[in-house]
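First up is the structure itself, then whatever we jot down about it.
What you see is a predicted model; the values in this text were computed from it and never measured. What's counted below: heavy atoms across the whole structure, side chains too, no hydrogens, waters or symmetry copies.
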Amino acid sequence: MYRSIPVLRSALPSLRLKATSSIAKTLKPQAVTFQYRSYAAAAGLSKDDISSRVLDVLKSFEKVDSTKLSPSASFTSDLGLDSLDAVEVVMAIEEEFAIEIPDAEADEITTVQKAIDYVSHHINQQSDQ
């Protein structure tokens with residue numbers, strides 16, 4: 001899921017150490033590793049992949065108790081999110097899947113399952129076109 005990209009500190013000016021010449025002689029270049037996620041195109045996602053990614057998005061919110069997180073969980077009553085938090089969740093889902101959810105439809109997404117179903121339906125519509 002993650003790929004590592006090794007980069008020498010000397011290759012990035014912002015990461016260079018500023019030291020005196022005597023200290024610089026004792027320092028050795030160190031490798032820095034960056035990690036990033038890379039996913040396939042949205043049309044190639046299964047419902048299980050979508051479900052996993054939606055749950056990962058919700059786990060990233062501090063207010064969400066991961067032990068209460070399930071596909072049937074309601075944003076407000078089960079996860080304890082207020083309406084502003086629910087809007088932030090929908091925005092995070094939009095960002096995760098690179099989709100745009102209209103406000104009227106976003107208001108109807110009140111559970112984890114509804115979010116999964118919306119994304120799945122939206123992605124299937126895109127792949128049919």
Margin query: Could you walk me through whether Glu88 and Leu81 satisfy the side-chain contact (heavy atoms from CB on, under 4.5 Å) test, starting with their C-alpha distance in whole Å, then the side-chain angles of each, then the deciding distance to 0.1 Å, before giving a yes or no?
Written below: CA-CA 10 Å; Glu88 290 178 6; Leu81 301 176; over 6 Å; no

Margin query: Please determine whether side-chain contact (heavy atoms from CB on, under 4.5 Å) holds for the pair Leu79 and Leu69, giving the CA-CA distance in whole Å, both sets of side-chain angles, and the decisive distance to 0.1 Å.
Written below: CA-CA 7 Å; Leu79 301 178; Leu69 195 56; 3.9 Å; yes

Note to self: Is any side-chain heavy atom of Met91 closer than 4.5 Å to one of Val87?
What the structure shows: yes

Notebook entry, point to check: Does the side chain of Tyr118 reach to within under 4.5 Å of the side chain of Ile99, using non-hydrogen atoms?
Noted result: yes

Next item on the list: Taking all non-hydrogen atoms of both residues into account, name the closest pair between Ser51 and Ile116 and its distance.
Entry: OG-CD1, 3.5 Å

Checklist line | Side chain to side chain, Phe97 and Ile123, heavy atoms closer than 4.5 Å | finding: yes

Next item on the list: Taking all heavy atoms of Ala106 and all of Val90, pick out the closest pair and write down the distance.
Entry: CB-CG1, 3.8 Å

Checklist line | Minimum-distance pair of heavy atoms, taken over all atoms of Ala115 and Ile93 | finding: CB-CD1, 3.7 Å

Checklist line | Close side-chain approach of Thr76 and Thr110, heavy atoms under 4.5 Å | finding: no

Check: Taking atom types as modelled and ignoring hydrogens, do the side chains of Ser46 and Asp49 form a donor-acceptor contact shorter than 3.5 angstrom?
Finding: yes

Margin query: Once rounded to the nearest 0.5 Å, what's the spacing between atom OG of Ser52 and atom NZ of Lys59?
Written below: 7.0 Å

Note to self: Just checking Lys68: does its NZ atom have more than 12 heavy atoms from other residues, nucleotides or ligands closer to it than 6.0 angstrom?
What the structure shows: no

Check: Which pair of heavy atoms, one from Val57 and one from Ala92, lies closest together, and at what distance?
Finding: CG1-CB, 3.6 Å

Item checked: Gap separating the CG atom of Asp48 from the OG atom of Ser120, nearest 0.5 angstrom -> 10.0 Å

Next item on the list: Kindly give the heavy-atom pair with the smallest separation between Asp78 and Ala73, and that separation in Å.
Entry: OD2-CA, 3.3 Å

Notebook entry, point to check: Do the side chains of Ser72 and Gln113 get nearer than 4.5 Å, heavy atoms only?
Noted result: no

Note to self: With heavy-atom distances below 4.5 Å as the criterion, would you say the side chains of Phe75 and Asp85 are in contact?
What the structure shows: no

Notebook entry, point to check: Given side chains that start at C-beta, do those of Ile101 and His122 come closer than 4.5 Å, heavy atoms only?
Noted result: no

Check: How far does NZ of Lys114 sit from CD of Glu105, to the nearest 0.5 angstrom?
Finding: 13.0 Å

Item checked: Leu45 and Arg53, any side-chain heavy atoms less than 4.5 Å apart -> yes

